[in-house]
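Data first, discussion second: the structure below is written as structure tokens.
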Amino acid sequence: MSTPLLVHALAALSAPALAGATVLGLRVRRERTEAAEDRERLNGRIAELEERCAELERTASCDSLTGVWNYRHLQLTLDREIERARRAEHTDQADGPRPLAVLLLEIAGFDAVIAEHGRARGNAILRDLAQRLAMEIRRADTLGRYSGEEFLVVLPDTGAEGAVQVAERLVWSVRRHLLLDWSSGTRAPRPAGGNGLTAAVGIAVLPEDGTHAAVLLRSADAALAAARAAGGDCWRIAPRPGQPSGGPREQPAPAAERPSTAERDRSGKPGSLSACTGGDPLTQPVASHTTATVAVPRDVLS
């Protein structure tokens, strides 16, 4: 076969192969483009799902009304802190469980606010007050809504005297908190006798008042009932054998039982150790505190 004929024959045979290679190349390029677009869509979907998952985790632990932690998160936190405190008993650094205090706080006076201004404003005031209370505790502490107008505060590494200082500070904050006012005119001055709201606080401490969550909460609830019976606007310690019900110690604690320096430094406010002070500690200095560990929704009141 002559050379020209051979060339024509090879050209005729290679044309379909070239056409197939071109089609295959276009198909591969299209598949790569589609794969890149699919990866981009999947990455966007994964980011969206991660954001929704984080939102669900937040809402599952956050009280929708007040913006602080809810009952479920309080239970998990209290169980974890009790286990952490009891674990220190088996280490060489401690002779017993690390101190842990719980405060059960109940706010009274919201019925009058709701009757005068409506439930919507009452809920807004409760939300604002909860955020204010959250600023009165350390970042390591946890404040959450227990039920209704009741709040629970978990104070790790805190004994009775440190818990008393926090309780007095919270009672003072409830009594003197400036309630929300949406009026367009001049804001009314703070009432001399308070804002109409009061708080009763029950205090329970591990291990003196129990080493399990249910026992500690029951002791704090009994102390809260004693504070409520005393007229509110005060705190009570869980009654213990050999001590007056809910009252402070009659004698100063021995040196071995006194709180550590870290516990005494919880607050710059001296604070009396009387169970119901009755006076207004407005003239006593109150140290500033870091924001507490709370869950704050996006639409939280500023």
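In this text the structure is predicted, and so the values were computed from the model without any measurement. All heavy atoms count here, side chains included; hydrogens, waters and symmetry mates do not.
We find the CG-CG distance between L224 and L105 to be 8.0 Å, quoted to the nearest 0.5 Å. Atoms CG and CG, from L133 and L103 in turn, are 11.0 Å apart once rounded to the nearest 0.5 Å.
Using a 4.5 Å heavy-atom cutoff, the side chains of M135 and R132 are in contact. Taking 4.5 Å as the limit, every side-chain heavy atom of R236 sits out of range of all side-chain heavy atoms of I203. W69 places a side-chain heavy atom less than 4.5 Å from the side chain of S61.
When atom types are taken as modelled, the side chain of R169 and the backbone of E136 share a donor-acceptor pair closer than 3.5 angstrom. Under the 3.5 Å distance criterion, the side-chain polar atoms of R127 are matched with a main-chain donor or acceptor of L65. Without hydrogens or angle criteria, R145 side chain to G148 main chain gives a donor-acceptor distance under 3.5 Å. In this structure, D209 contributes its side chain and V205 its backbone to a donor-acceptor pair below 3.5 Å. Proximity of a side-chain donor or acceptor of S219 to a complementary backbone N or O of L217 within less than 3.5 Å is not detected.
Classification of R86 and E83 as a salt-bridged pair fails, no side-chain N sitting under 4.0 Å from a carboxylate O.
Environment of CG in D111: sparse, with no more than 12 heavy atoms of neighbouring residues, nucleotides or ligands closer than 6.0 Å. Annotation for E40: atom CD does not count as buried by contact number, only 12 or fewer foreign heavy atoms lying within 6.0 Å.
Contact record, D79 with A213: OD1-CB, 3.4 Å, taken as the closest heavy-atom pair. Scanning all heavy atoms of the two residues, the minimum distance from F110 to G122 falls at CE2-O, 3.6 Å. The shortest non-hydrogen separation linking L143 to A134 is CD1-N, 4.3 Å.
In the hydrophobic clustering of this structure, I114 does not group with V174; members are Ile, Leu, Val, Met, Phe, Trp, Tyr whose side-chain heavy atoms approach within less than 4.5 Å, directly or through other members. By the criterion of side-chain heavy atoms lying less than 4.5 angstrom apart, applied directly or through intervening Ile, Leu, Val, Met, Phe, Trp or Tyr residues, I107 is grouped together with V166 in one hydrophobic cluster.
For the salt bridge (charged side-chain N to carboxylate O under 4.0 Å, His left out) condition, the pairs that include at least one residue of residues 214-230, sequence neighbours left out, are E106-R228.
Counting only N and O atoms by type, the side chains of H73 and D63 include no donor and acceptor under 3.5 Å apart.
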Self-check item: L126 and T66: CA distance, side-chain angles, deciding distance, side-chain contact (heavy atoms from CB on, under 4.5 Å) verdict
Solution: CA-CA 7 Å; L126 180 63; T66 60; 4.1 Å; yes
